[in-house]
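Quick note on labels: first sequence line is chain A, next is B, and so on, each numbered from 1.
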Protein chains: 2
Amino acid sequence: MSGYAPSEAARRSGFSLDTLRYYEKIGLLADVGRTTGGQRVFTDDDLGWLVLFRCLRDTGMPIAQMCRYAELAREGEHTADERRELLQQHAARVEEQMLLLSRQYEHLREKIRFYERLPGPVPETDQPTANRLGPAVSR
Amino acid sequence: MSGYAPSEAARRSGFSLDTLRYYEKIGLLADVGRTTGGQRVFTDDDLGWLVLFRCLRDTGMPIAQMCRYAELAREGEHTADERRELLQQHAARVEEQMLLLSRQYEHLREKIRFYERLPGPVPETDQPTANRLGPAVSR
DNA sequence: CTCCAACCTGGAGTGCGCTCCAGGTCAAGC
DNA sequence: GCTTGACCTGGAGCGCACTCCAGGTTGGAG
C-alpha cells in the first residue's frame, strides 16, 4: 500500500534512479517523502504520477509541458479544464504522429518489398520508389 | 528532370538548408553536384535519397544507421541483402513503436475521458486510473 | 558493532541532431 | 557593371533529456 524504495520505484516505473531524482529536481515530481535519514520513499500516488509521465513521454510530450500539467494539478481542482485541454491538444498531436508513422511505415515496407523482389524472376530496374540505390552516381 | 537549387531541394525534401549541408558533411548524402562556382545542384536521385531519409528519420532511425545504409548502397549491389536486413530490423522496431504509441494513446484517452466526466452528473471520486491529481498530497 | 550495498547531493558531462554565425563568394536581373 | 539575395565554408553553440561522478551518509543483515 505505501512506501517504495527508490530502486523499487525505478523498477516499477521504468525510469532510472537518476531520472527519478532529475524529475524531482526540476519540480516535475514534487513532495516525495523521505526517511528521517533523508532517503526517498515513493508512495502509490507518486507511482501513479510516474505511470502518467511514462505515458506522456512515450507519446512525445516535452518535459516542460509535463511540468506545466503537474503544476496545474498542484494548484487545485479549478485548473481541471486547462489540464483537460492540455491533454486533448497533446492527444491531437499524438494522432498526427501515429498517422505519419504509419504512412512512413508503408513506404518502408514498399522499399523492403523491392529488396525482396531483387533475387526473384525478373530483375526489373526502375522500381516505383524512384531511386536505384546502387553505385549509379548519376551526374 | 535534373538540377535543383539548394533552396528548392530543401523545399521539396522538407529538410532545412543547414540540414542538407550537414547531411553532406557527415557523408550521408555523397557526391552532390556543384556548379563551376561551387554551389550545390541536387539531382532527382539526390531528391530520392532525401525522401528515403525523411522516411527513416520520421520512423526514428538514428543517423548513424542511415549512414551505414547509404554506405552499403554506395558499395554496390552485393550489399543488397545486408541493406534489406537493416530495413527489416528497422521495420520491426517501427512496429513496436506503433504498438507502444497506440497503447499509450489509449491511456491518454482514458485520462481525458476522466476529465470529461468531471463536470458531469455524478462527480464520482476514485477513477480507475488510480491517481487523483488534485492538491491531495497523500503522505 | 561492523559492514556494505543502496542511497544522498551538487554539479559537470554526454549524445543527438541539428542550427547559427561570421566573413566571404556567386550569379541572375537591371 | 552593379546590386542583391542566395549560396559557400569551418566551426561554435544550442536544446533536450538525461547520465555520470566524487565524495559522503544511511540502514538493514549478520
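Checked by atom type and distance alone, the side chain of B:Arg21 never pairs as donor or acceptor with a backbone atom of B:Lys25 at under 3.5 Å. The closest donor-acceptor contact from the side chain of B:Gln97 to the backbone of B:Thr59 lies under 3.5 Å.
Atom CD1 of B:Ile26 and atom C1' of C:dG15 are 14 Å apart (whole Å). In this entry the distance linking OH of B:Tyr4 with P of D:dC7 reads 15 Å, nearest Å. In this structure, CG of A:Leu20 is placed 13 Å from C1' of D:dT19, rounded to the nearest angstrom. Here the P atom of nucleotide D:dG28 and the CD atom of A:Gln39 are 9 Å apart, to the nearest Å. With rounding to whole Å, A:Leu28 atom CG is found 10 Å from D:dC18 atom P. As rounded to whole Å, 6 Å separates atom C1' of D:dT19 from atom CG of A:Asp18. B:Leu17 has its CG atom 14 Å from the C1' atom of D:dT9, to the nearest Å.
Shortest non-hydrogen contact noted between A:Val41 and A:Arg34 is CG2-C, 4.2 Å. Here the closest heavy-atom approach between residue A:Leu72 and residue A:Thr79 is recorded as O-OG1, 2.7 Å. When all heavy atoms of A:Thr19 and A:Phe15 are compared, the pair lying nearest together is CG2-CD2, 3.8 Å. Between A:Ala10 and A:Ser16, the shortest heavy-atom contact is CB-C, 4.4 Å.
Salt-bridge annotation for B:Glu8 and B:Arg11: present, with a side-chain N of the basic residue lying under 4.0 Å from a carboxylate O of the acidic one.
With D:dA17, C:dC8, C:dT19 as the candidates, the nucleotide lying closest to the side chain of A:Arg34 is C:dC8. Checked against D:dC7, D:dT19, C:dC7, the side chain of A:Tyr22 finds its nearest nucleotide in D:dT19. In the set D:dT19, C:dC18, D:dC7, the nucleotide with an atom closest to the side chain of A:Ser16 is D:dT19. Minimum atom distance to the side chain of A:Arg21 is reached by C:dT9, of the listed C:dC26, C:dG11, C:dT9. When the nucleotides C:dT9, C:dT19, C:dC7 are ranked by their closest atom to the side chain of A:Ser7, C:dC7 comes out on top. Checking D:dC18, C:dC18, C:dT9 against every side-chain atom of A:Arg40, the shortest atom distance belongs to C:dT9. Of all nucleotides listed (C:dC8, D:dC8, D:dC7), C:dC8 comes nearest to the side chain of A:Pro6.
Contact between the side-chain N/O atoms of B:Thr19 and the OP1/OP2 oxygens of C:dT19 is found at a separation under 4.0 Å. The shortest distance between the side-chain N/O atoms of A:Thr35 and the OP1/OP2 oxygens of D:dG27 is below 4.0 Å.
Shown for residues 53-68 of chain A: residues whose heavy atoms fall under 4.0 angstrom of DNA chain D, namely A:Arg57, A:Pro62, A:Ile63.
Residues A:Thr36 and A:Lys25 both approach DNA chain D. Their nearest nucleotides, taken by heavy-atom distance, put A:Lys25 toward the 5′ side.
Counting heavy atoms from C-beta on, the side chains of A:Tyr115 and B:Asp81 never come closer than 4.5 Å.
When heavy atoms are screened at a 4.0 angstrom cut-off, B:Tyr23 is found touching the sugar-phosphate backbone but no base atom.
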